[in-house]
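Pasting a structure below so you can have a look.
Quick caveat: nothing in here was measured; it's all calculated off a predicted structure.
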Amino acid sequence: MKTGIIGGSGYAGGELLRLLAGHPHFQVAAVAAHSNAGELITSIHPQLRSYENQKFIAFSAEAFTDCQLIFLALPHGESSKIISQLPKGAKIVDLGADYRLSDAQQWEKYYGGTHAGTWSYGLADIAQYKSAIAQAQYVANPGCYATAIALGAAPASSIADLSDCVVVAASGTTGAGRNAKVNLLASEVSGSLSSYKFGGTHQHTPEIEETLSKISGQDVKISFTPVLAPMPRGILATVTAKLTKKITSEEAHQLYSDYFADSAFVSVLEFVVMPKTSAVLGSNNVQMQVAVDAHTSRLVVSVAIDNLGKGAAGQAIQNANIMCGFAETAGLDFDGIGA
């Protein structure tokens, strides 16, 4: 299938290019990058030798006319500006936030501007979303934090109160995008941890609440504190919620194992093993560990993903595979890099 990428010069765009280079069904035919148009792909992503001598192009509707599949890897608010110019029959996966939320008021509160609409939500490891993705022409890829937290909390709806869910999650610096920012300079980040968007202001909050409310049928409220970690990529999220029934760590672990038994990418680890961001680096995999804090009667879940893999490009390709009728593991069936 002829495949296009719009926004190929960013971190997520680069990861899409890397993963698609080895995909058995998707052939990259056009790669647009607004500010880098005319530059060699390898001048921005020197690791991508598969694209040697190929250049980014400026976006034009004509360049994507023959594309059957298109990935949008644009800043929030930009996808909706060009969607009407894309081929009417093409399948599209948007890695931005433009079409994730169904609540226009929440969009305006957390992102600003006019709400563009709602597409099928691409949380493919949850059965009720996967069936909708298979029928969809347009899919909104989940946010990176939202992916880790929603997967970590989804099985808990039968044993915990998600109306008071507390999450602390650390992310690598690529989650902030490629634009130069003082707080992301190496001298600012190296050897230091810092919270940001403190006090419930992170834009993924309504996405997580909306997703978990649909899954659980509960009125979900998330108290979410993101942390900037001194590493390029990866997310480690700790999710806790008050238990609604007495349950042991072993029983909670079994519940989670059963919930994700059919998932190709989510692994609930053996009790002695904790999730590590390095173990999922470069992959579409998710690692989890589950325990019960008997002292406070709270469920505690640890989740590790690669924010550019499962949190962006990997999940986008997984969604595209399902949309196009291919095995969801196509082009993604490999392990993380590890230490």
Query - Polar contact flag, side-chain donor to acceptor under 3.5 angstrom, Asn36-Glu39 - result: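 There is such a pair between these side chains.
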Query raised in the report: Within the side chain of Arg18, is there an N or O that forms a donor-acceptor pair under 3.5 Å with the backbone of His45?
Result: no
Query raised in the report: Do Thr3 and Gln27 have side chains that get closer than 4.5 Å, going by heavy atoms?
Result: no
Report task. Group every Ile, Leu, Val, Met, Phe, Trp and Tyr by side-chain heavy-atom contacts under 4.5 Å, then state whether Val139 and Met1 land in the same group. Result ->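 They do share one cluster, since a chain of ILVMFWY contacts under 4.5 Å joins Val139 to Met1.
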Query raised in the report: Which of these, Asp164, Asp293, Thr240, sits in a side-chain hydrogen bond (donor to acceptor under 3.5 Å, both in side chains) with Arg298?
Result: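 Exactly one pass, corresponding to Thr240.
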Requested in this report: Not counting sequence neighbours, which residues clear side chain to side chain donor-acceptor pair (under 3.5 Å) with Ser80? List them please.
Outcome: Asp98
Query raised in the report: Donor-acceptor pair, Ser192 side chain versus Val189 backbone, under 3.5 Å?
Result: no
Query - By side chain to side chain donor-acceptor pair (under 3.5 Å) - contacts of Asp258 (at least two apart) - result: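 So Asp258 forms a side chain to side chain donor-acceptor pair (under 3.5 Å) with Gln254.
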Query - Spatial distance of atom OG (Ser35) from atom CD1 (Ile44) [nearest 0.5 Å] - result: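 Going from OG on Ser35 over to CD1 on Ile44, the span is 7.5 Å.
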Query raised in the report: In this structure, are over 12 heavy atoms from other groups packed under 6.0 Å from His115 atom NE2?
Result: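 More than 12 heavy atoms, drawn from other residues, nucleotides or ligands, come within 6.0 Å of this atom.
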Query raised in the report: So which heavy atom on Pro275 is nearest to which on Leu236, and how close?
Result: O-CD1, 4.1 Å
Query raised in the report: Within a strict 4.5 Å, meaning less than it, do heavy atoms of the Phe334 and Leu19 side chains meet?
Result: yes
**Report entry** Residue pair Lys55, Val31: steps toward the side-chain contact (heavy atoms from CB on, under 4.5 Å) verdict
**Finding:** CA-CA 8 Å; Lys55 294 182 177 181; Val31 186; over 6 Å; no
Query raised in the report: If you measure only the distance, is there a donor-acceptor pair under 3.5 Å linking the side chains of Gln318 and Asn284?
Result: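 Side-chain D/A pair, Gln318 to Asn284: present.
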Query raised in the report: Do the non-hydrogen side-chain atoms of Leu17 and Val28 ever get within less than 4.5 Å of each other?
Result: yes
Report summary line: What one should report as the nearest heavy-atom pair of Ile70 and Ala90 is CD1-CB, 4.2 Å
Query - Distance in Å, Ile92 CD1 paired with Leu69 CG, rounded so as to fall on 0.5 Å steps - result: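 It comes to 9.0 Å.
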Requested in this report: Please say whether more than 12 non-hydrogen atoms of neighbouring residues, nucleotides or ligands are located less than 6.0 Å from NZ in Lys197.
Outcome: yes
Query - Heavy-atom neighbours of Lys214 NZ exceed 12 at 6.0 Å - result: yes
**Report entry** Shortest non-hydrogen contact between Ala37 and Ala58, atoms and distance
**Finding:**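 Closest approach of Ala37 to Ala58: CB-N, 3.5 Å.
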Query raised in the report: Do Val220 and Ser163 come close enough that some side-chain heavy atom pair is under 4.5 Å?
Result: no
Query - Atom CD of Gln105: over 12 foreign heavy atoms under 6.0 Å - result: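 Check fails, neighbour count at 12 or below.
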Query - Set of residues satisfying salt bridge (Lys or Arg N to Asp or Glu O under 4.0 Å) with respect to Asp125, sequence neighbours excluded - result: Lys310
Requested in this report: Please determine which of Thr147, Asn319, Asp94 meets the side-chain hydrogen bond (donor to acceptor under 3.5 Å, both in side chains) test together with Asn141.
Outcome: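 Checked Thr147, Asn319, Asp94 against Asn141; only one passes side-chain hydrogen bond (donor to acceptor under 3.5 Å, both in side chains): Asn319.
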Query raised in the report: Any side-chain heavy atom of Ser158 sitting closer than 4.5 Å to one from Leu255?
Result: yes
Report task. For this output row, return yes or no: ring centroids of His253 and Phe271 closer than 6.0 angstrom. Result -> yes
Report task. Step by step, work out the side-chain contact (heavy atoms from CB on, under 4.5 Å) result for Tyr145 and His202. Result -> CA-CA 10 Å; Tyr145 278 127; His202 195 278; 3.6 Å; yes
Report task. Would you check if the side chain of Glu251 reaches a backbone N or O of Thr248 as a donor-acceptor pair within less than 3.5 Å? Result ->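 A pair under 3.5 Å: yes.
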Query raised in the report: To the nearest 0.5 Å, how far apart are CD1 in Ile6 and SG in Cys67?
Result: 8.0 Å
**Report entry** Chi angles and distances behind the side-chain contact (heavy atoms from CB on, under 4.5 Å) call for Ile247, Val292
**Finding:** CA-CA 8 Å; Ile247 190 171; Val292 168; 4.0 Å; yes
Report task. Could you grab the distance from atom OH of Tyr51 to atom CG of Leu20, nearest 0.5 Å is fine? Result ->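 Answer rounded to 0.5 Å: 5.5 Å.
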Query raised in the report: Does a side-chain heavy-atom distance below 4.5 Å link Met288 with Ser267?
Result: no
Query - Test of ring centre spacing under 6.0 Å for Phe260 and Phe265 - result: no
Report task. State, yes or no, whether a side-chain contact exists between Ser297 and Lys242 at a heavy-atom distance under 4.5 Å. Result -> yes
Requested in this report: Mind listing the closest non-hydrogen atom pair of Ala229 and Leu193 along with its distance?
Outcome: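 Of all heavy-atom pairs spanning Ala229 and Leu193, the closest is CA-CD2, 3.6 Å.
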Query raised in the report: Are Leu269 and Val301 connected in the hydrophobic side-chain network, where two residues link if heavy atoms are under 4.5 Å apart?
Result: no
Requested in this report: Show your working on side-chain contact (heavy atoms from CB on, under 4.5 Å) between Asp306 and Thr277 and close with a plain yes or no.
Outcome: CA-CA 7 Å; Asp306 183 339; Thr277 56; over 6 Å; no
Query raised in the report: If you measure from CD1 on Ile208 to CD1 on Ile149, what distance do you get to the nearest 0.5 Å?
Result: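 Ile208 CD1 to Ile149 CD1: 3.5 Å, rounded to 0.5 Å.
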Requested in this report: Apply side-chain hydrogen bond (donor to acceptor under 3.5 Å, both in side chains) to the pair Tyr121 and Glu207, showing each step before the final yes or no.
Outcome: CA-CA 10 Å; Tyr121 191 67; Glu207 179 185 349; 2.5 Å; yes
Report summary line: Smallest heavy-atom separation, Val227 atom then Ser195 atom, equals CG2-OG, 4.0 Å
Query raised in the report: Which distance, rounded to the nearest 0.5 Å, do you find between the CG of Asp103 and the CD of Glu108?
Result: 9.0 Å
Requested in this report: Give a yes or no on whether the backbone of Gln218 and the side-chain of Ser213 come within a donor-acceptor separation of less than 3.5 Å.
Outcome: yes
Report task. Using modelled atom types only, decide if a donor and an acceptor are shared between the side chain of Gln68 and the backbone of Lys2 within a distance under 3.5 Å. Result ->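 Flag set: sc Gln68 to bb Lys2 pair under 3.5 Å.
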Query raised in the report: According to a 4.5 Å side-chain heavy-atom criterion applied to Ile, Leu, Val, Met, Phe, Trp and Tyr, with indirect links allowed, do Tyr99 and Leu86 form part of one hydrophobic cluster?
Result: yes
Query raised in the report: Taking the side chain from Asn307 and the backbone from Ile235, do they hold a donor-acceptor pair closer than 3.5 Å?
Result: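 The answer is no, because no donor-acceptor pair under 3.5 Å joins these two groups.
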Query raised in the report: Under 3.5 Å, is there a donor-acceptor pair between the side chain of Gln287 and the main chain of Val280?
Result: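 Side chain of Gln287 to backbone of Val280, a donor-acceptor pair under 3.5 Å: no, none is there.
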Requested in this report: Taking all heavy atoms of Ala136 and all of Ser120, pick out the closest pair and write down the distance.
Outcome: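 That closest heavy-atom pairing would be CB-OG, 3.5 Å.
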Requested in this report: Take His23 and Asn321 through the test side-chain hydrogen bond (donor to acceptor under 3.5 Å, both in side chains) and record every step on the way to the result.
Outcome: CA-CA 10 Å; His23 198 283; Asn321 286 337; 2.8 Å; yes
Requested in this report: Answer yes if the ring centres of His204 and Phe224 are under 6.0 angstrom apart, and no otherwise.
Outcome: no
Query raised in the report: Salt-bridged, Glu15 to Arg233, with N to O below 4.0 Å?
Result: yes
Query raised in the report: Do side-chain atoms of Arg100 reach the backbone of Leu95 as a donor and acceptor pair under 3.5 angstrom?
Result: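 The answer is yes, because a donor-acceptor pair under 3.5 Å joins these two groups.
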Query raised in the report: Between Val239 and Tyr256, is there a shared hydrophobic cluster once you connect ILVMFWY residues whose side-chain heavy atoms come closer than 4.5 Å?
Result: yes
Query raised in the report: Taking C-beta and beyond as the side chain, do Leu40 and Phe56 meet within less than 4.5 Å on heavy atoms?
Result: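 No, every pair of side-chain atoms sits at 4.5 Å or beyond.
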Requested in this report: Establish whether Leu212 and Val290 are linked, either directly or via other cluster members, by ILVMFWY side-chain heavy-atom contacts under 4.5 Å.
Outcome: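 They do share one cluster, since a chain of ILVMFWY contacts under 4.5 Å joins Leu212 to Val290.
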